[in-house]
Amino acid sequence: RSQARLINESQQRVTFADVAGLDEEKQELEEVVDFLKNPKRYLEMGARIPKGVLLYGPPGTGKTLLARAVAGEAGVPFFSESGSGFVEMFVGVGASRVRDLFDQAKKNAPCIVFIDELDAVGRMRGAGYGGGNDEREQTLNQLLVEMDGFGVNEGIILMAATNRPDVLDPALLRPGRFDRQIVVHAPDLAGRIEILKVHTRNKPLASDVDLAVIAKRTPGFTGADLANLANEAALLAARERQKRITMANFIEATERVMAGPQKKTRVLS
Ligand code: ATP
């Protein structure tokens with residue numbers, strides 16, 4: 001049986017409103033949402049819809065969130081599996097998991113199939129590692145077979161994310177496979193403000209909190225860092241039994257999030 005995670009979108013529905021900034025990226029994905037909602041309209045026009053959408057960009061910029069939001073907007077199931085989950089397996093198991101994932105998807109179409117860390121399974125074949133990795137290559141071959149084995153009119157859209165598009169096997173990027181690629185950018189100042197707004201939406205903020213100032217102090221922070229920052233600030237306020245989260249909490253939280261990765265390097269070195 002496949003271990004693919006099915007996220008029940010009626011319980012934890014993510015929509016484009018949860019994805020801050022990334023306006024261009026969302027706009028490009030609108031077409032996929034509309035197709036999943038009204039496949040007939042597109043098929044009648046003979047329009048060719050992308051079969052696979054590859055999202056690429058730095059870690060923590062919202063690629064998984066975007067893919068879930070496409071499913072949420074379209075109101076279809078979301079099946080997700082991580083590329084690394086396919087390959088840390090005994091010989092043959094990865095390939096059979098890929099098969100199971102697509103079997104489930106076909107039974108539940110229209111739906112989204114999402115593969116995170118596509119590079120873990122999708123690295124160029126025969127790219128060394130002293131003799132290659134047969135298990136991984138078998139898994140990748142199975143993925144290519146599955147991608148070719150369904151037509152767009154089956155209502156399955158494959159999405160995947162990677163931070164390393166440069167190492168992907170070119171076979172994955174051919175027409176009829178991941179034929180649409182969308183760069184997911186790290187947020188700029190305006191993007192960071194939007195992300196902070198989303199992650200403080202359900203939190204009680206003191207009147208001195210200025211999200212623009214926090215955004216200015218956090219260049220280089222990704223969406224994941226900012227989500228973490230907002231949560232740390234809330235934890236600090238709760239620990240002090242405050243009624244609201246103050247600017248001082250946010251400033252302390254910023255320092256903590258910045259120190260986080262540094263602490264890790266210290267432990268490693
Ligand atoms: P990775 O490559 O590490 O898997 P990713 O690009 O898939 O990262 P996500 O898993 O989507 O990143 O992001 C992690 C979390 O960071 C999200 O669940 C969300 O809370 C927050 N986040 C990231 N980007 C955004 C965004 N643009 N708007 C709102 N929240 C965001």
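When a ligand or atom number is given, it counts from 1 through the structure's own listing order.
Using a cut-off of 4.0 Å between Lys/Arg side-chain N and Asp/Glu carboxylate O, Glu137 and Arg125 are scored as not salt-bridged. Using a 4.0 Å cut-off between charged nitrogen and carboxylate oxygen, Asp210 and Arg217 do not count as a salt-bridge pair. Ion pairing of Glu146 with Arg99 is absent here, as no side-chain N (NZ or NE/NH1/NH2) approaches a carboxylate O to less than 4.0 Å. Of the charged side-chain nitrogens involved, none lies within less than 4.0 Å of a carboxylate oxygen, so that Asp18 and Arg13 do not count as a salt-bridged pair. Between Glu31 and Arg180 there is a salt bridge, since at least one side-chain N of the basic residue sits less than 4.0 Å from a carboxylate O of the acidic one.
Those atoms of ligand 1 that come under 4.0 Å of a heavy atom in Ala227, given as number and element, are 20 (O), 21 (C).
In terms of polar-atom proximity, Gly62 is counted as a contact of ligand 1, with an N or O under 3.5 Å from an N or O of the ligand. On a distance-only criterion, Leu65 and ligand 1 share at least one N/O pair closer than 3.5 Å.
Nearest protein neighbour of atom 4 (O) of ligand 1, counting heavy atoms only, is Asp116 OD2, 3.6 Å. In terms of protein heavy atoms, atom 22 (N) of ligand 1 is closest to Gly223 C, 3.6 Å. Lys63 N, 3.5 Å is the protein heavy atom nearest to atom 5 (P) of ligand 1. Among all protein heavy atoms, the one lying closest to atom 28 (N) of ligand 1 is Ala20 N, 2.9 Å. The nearest protein atom to atom 7 (O) of ligand 1, hydrogens excluded, is given as Thr64 OG1, 2.7 Å; this is a heavy-atom distance. At the shortest separation from atom 14 (C) of ligand 1 among protein heavy atoms lies Ala224 CB, 3.9 Å.
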| task | Go through the steps for Phe86 and Val98 under the test side-chain contact (heavy atoms from CB on, under 4.5 Å), then give the verdict. | result | CA-CA 7 Å; Phe86 284 130; Val98 170; 3.6 Å; yes

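With no hydrogens or angles considered, a side-chain donor-acceptor pair links His185 and Glu25 at under 3.5 Å. A donor atom on one side chain and an acceptor atom on the other are found under 3.5 Å apart for Asp119 and Thr162.
At least one heavy atom of Gly60 sits less than 4.0 Å from an atom of ligand 1. Under a 4.0 Å heavy-atom criterion, Asp18 is in contact with ligand 1. Under a 4.0 angstrom heavy-atom cut-off, His199 registers as being in contact with ligand 1.
Ring centers of Phe79 and Phe114: at least 6.0 Å apart, outside the cut-off.
Contacts between Asn163 and ligand 1 below 4.0 angstrom, taking non-hydrogen atoms only, involve the side chain exclusively. The part of Leu22 lying near ligand 1 is the side chain, judged by heavy-atom distances below 4.0 Å.
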